[in-house]
Amino acid sequence: MFINLKNVWRSYSNEGEAPVHALQDATFGIEKGAFVAITGESGCGKSTLLHLLGALDMPTSGEIHVGDKALHTMSEADRTRYRREDVGIVFQFFNLLPTLTVLENVALPLQLQGKSLAEATSSSERAMELTGIAHRSTHFPHQLSGGEMQRTAIARALVHSPALLLADEPTGNLDRKNAANILDLLKDLHARQVATLIVVTHSDEVAAAAGSIHNMS
Ligand code: ADP
């Protein structure tokens with residue numbers, strides 16, 4: 001298994017209140033190259049799980065392995081490196097910077113890592129080709145459709161060739177047509193084995209397209 005969760009809990013406690021268990025005793029595995037839809041009713045811990053897999057958060061107890069990395073014991077420096085190198089994250093609301101072009105948005109993670117402009121540009125061009133947004137590279141986000149904004153955000157998440165792509169409701173803010181386009185893109189990325197895909201979704205279409213469904217309710 002590429003990803004292994006063993007008895008993972010994420011609990012929040014406030015003084016004088018009963019603890020809230022955002023994730024309770026999660027144990028499951030995901031194979032390399034899989035396309036997995038994470039489903040379940042609101043509040044069941046889907047975002048919490050995604051944050052843990054992205055090393056944006058730490059489990060209260062339990063073990064999380066992604067490849068050869070043990071996320072539950074990693075130092076802060078190693079977690080930062082993991083976020084930069086091993087994982088890409090896509091959000092429902094795209095989170096593009098409005099004053100940067102498509103190319104500049106996609107290249108930003110590499111530039112923040114100190115890569116040369118030439119290297120950042122060539123990796124960005126490859127990622128934009130992969131997600132079908134290369135023809136809009138000089139446009140600004142406000143000049144794009146929702147689907148094009150999400151293609152840009154997915155290119156940005158893939159620009160450093162991560163082994164794992166995490167997406168939180170990637171079609172949740174799109175109309176039917178754009179949602180279908182982004183779903184086709186996810187299927188294409190899976191067929192090309194670009195990365196292991198884990199997608200939190202409420203959409204039956206997205207869940208049906210995934211290779212497997214992990215229902216957390
Ligand atoms: P989902 O993504 O499935 O809607 P979440 O992972 O966002 O669920 O949240 C799971 C549960 O944990 C919810 O009941 C939520 O209110 C709770 N929760 C999430 N974050 C916090 C926090 N920082 N403090 C307290 N409770 C939280």
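Both ligands and their constituent atoms are indexed starting at 1 by order of listing.
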Checklist entry - Which heavy-atom pair separates Gly45 from Leu23 by the least distance, and what is that distance? => result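 Closest heavy-atom pair between Gly45 and Leu23: O-CD1, 4.0 Å.
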
Checklist entry - Is Asp57 reaching over with its side chain to a backbone N or O of Leu52, donor-acceptor style, under 3.5 angstrom? => result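 Between the backbone of Leu52 and the side chain of Asp57 there is no qualifying donor-acceptor contact (under 3.5 Å).
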
Checklist entry - So, do Val159 and Pro109 sit near enough that their side-chain heavy atoms are less than 4.5 Å apart? => result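 Counting from C-beta outward, Val159 and Pro109 do come under 4.5 Å.
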
Next on the checklist: Taking the basic N atoms (NZ, or NE/NH1/NH2) and the acidic carboxylate oxygens, is any pair closer than 4.0 Å for Arg79 and Glu76?
Outcome noted: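 Salt bridge: yes.
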
Next on the checklist: Looking at Arg176 and Glu205, is any side-chain nitrogen of the basic one under 4.0 Å from a carboxylate oxygen of the acidic one?
Outcome noted: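 A salt bridge links Glu205 with Arg176.
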
Next on the checklist: Test: side-chain hydrogen bond (donor to acceptor under 3.5 Å, both in side chains). Region: residues 179-190. Which pairs qualify, not counting sequence neighbours?
Outcome noted: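 side-chain hydrogen bond (donor to acceptor under 3.5 Å, both in side chains) check on residues 179-190 returns Asp188-Arg192.
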
Checklist entry - Heavy atoms under 4.0 Å from ligand 1: which residues qualify? => result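 Close residues (ligand 1, cut-off 4.0 Å): Tyr12, Val20, Ala22, Glu41, Ser42, Gly43, Cys44, Gly45, Lys46, Ser47, Thr48.
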
